[in-house]
Amino acid sequence: MKRFEQFLLTCIGLDARSLGTQVLERIIQERLLATRSPDRDAYWQLLKRSTAEQKILIEAVVVPETWFFRDPEALLALAKLAQRRLLQIRPDQGLRLLSLPCSSGEEPYSMAMALLDTGIAAQRFRIDAIDISGRGVDQARRGIYGSNAFRGRTLDYRARHFTVQNNNQHRLNDNVRACVELRQGNLFDASLLASAGPYDFIFCRNVLIYLDSAHQRQTAVLLEALLAEGGALFVGPSETPVLLRHGMQSLGLPLAFAFARGPAPASPQPPTPDAAAVRARPVLPSMAALRIQPATPAPATLEQAHRLADQGRWDEALALCEQLLHDAPRPAGGDLAALYYLLALIHDARGDALTADKLLRKTLYLESDHEGAMAHLAALLDLQGDRNGAAQLRQRARRVLQKQAK
Ligand SMILES: C[S@@+](CC[C@H](N)C(=O)[O-])C[C@H]1O[C@@H](n2cnc3c(N)ncnc32)[C@H](O)[C@@H]1O
């Protein structure tokens, strides 16, 4: 098994443990049958000489999970930051954006819709979208999507930007498709982005979690080099530790997971890298300063706590959460889970990973399919060196997502 793991690591940076070893075992077994290889040695020889088989194996191991407006706060933040940046550049200049990996297109198309909906003309931005999966890129080029791609609670963009077809599939309108330039490519192919950049905004979301630490570092170096001065890099909820370790600077937009180029300015109290980066003064305005409202309105007091957290006013946000927790009537069910989750984010931002860990477990106790809590807890377990625990949690998150998609 080791040689297959090594092949995938060298080729696409995949840490097989992130899938669970049994998953890779099963995939190899399926490929053995499909290629009529009598045993693993024979299949290994075939894999070494056939680029076609290499592509098939890579398609089989990548996780293409994605949907429109995944983490809406990131897209809202993008739209606001883009508006602001356009005011700083010449009117004849446009914004350059990158979505890598783009999977089947939901992410770059959401970026385009978010910018168009905020009133930015299509001529003023261009999105490059890249993924290693030929199947994903082909699907993105077709621009036709089933219900699986629409999972959020707010789907108003669908009526604006899609046309319903007879078979209940949704076809993305041409004006949005035209904003995105799709390409198949490997993040670890040195020539892929050699002459690209700088990009004003980069989305590299939900791929770092599948890479080993060396490839995570390599990716962070590449992305930082591609990012324009004053630009923003967005990652997935559980991927922030990778950039914090790399010295990039959190923009302090809690649910947007956005970073500016490092190094972070020196902090008066440097406890952990996470806390130092989160406390660092944002170079771009906070969510609150940009008047970004949470996509789903929360009860007033929880919303206040969110707003304080958005401004990096951790102590006040914490005090308000504690008050909510202890005052009658105590929140229950989903509200209590949301409160524990916010508390976990605050403690993590303040550098108290241990308390954040406990609170994330409480969130999951109350709401076992809370995707954000699973992702954050997996990231904390990774930092503690518990790779197996983190992988199990990510597997669980994947199962939940698959169930939700059905
Ligand atoms: C979970 S999806 C994330 C898609 C999107 N960014 C999102 O957050 O919804 C992960 C994607 O990473 C792609 N991928 C994995 N390794 C890659 C590599 N080395 N180069 C480019 N894409 C890669 C996979 O094909 C898959 O489509």
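In this chain, numbering begins with 1 at the start of the sequence shown. We count ligands from 1, going down the list as the structure has it; atoms in each ligand are counted the same way. None of these values were measured; they are calculated from a predicted model.
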Separation between CD (Q29) and CZ (R40), nearest 0.5 Å, reads 6.5 Å

Please confirm whether the ring centroid of Y109 lies under 6.0 Å from the ring centroid of Y157.
no

Output field: ring centroids Y365/Y340 closer than 6.0 Å:
no

Would you verify whether the NZ or CZ of R158 falls within 45 degrees of the ring axis of F150 while also being under 6.0 Å from that six-membered ring's centre?
yes

Only residue of E239, E65, E107 satisfying salt bridge (charged side-chain N to carboxylate O under 4.0 Å, His left out) with R205 is E107

Report yes or no: does D71 contribute a side-chain atom to a donor-acceptor pair with the main-chain N or O of E73 at less than 3.5 Å? no

When you pair each N or O of ligand 1 with protein N or O atoms, which pairs come out under 3.5 Å?
residue	atom	partner	partner atom	Å
ligand 1	6 (N)	P101	O	2.8
ligand 1	6 (N)	E107	OE1	2.9
ligand 1	6 (N)	R205	O	2.9
ligand 1	8 (O)	R70	NH1	3.4
ligand 1	8 (O)	E107	OE1	3.4
ligand 1	8 (O)	R205	O	3.2
ligand 1	8 (O)	N206	ND2	2.7
ligand 1	9 (O)	T66	OG1	2.6
ligand 1	9 (O)	R70	NH1	2.9
ligand 1	19 (N)	I12	O	3.4
ligand 1	19 (N)	N186	OD1	2.9
ligand 1	20 (N)	L187	N	2.9
ligand 1	22 (N)	I132	N	3.2
ligand 1	25 (O)	D131	OD1	2.6
ligand 1	27 (O)	S103	OG	3.4
ligand 1	27 (O)	D131	OD1	3.3
ligand 1	27 (O)	D131	OD2	2.8

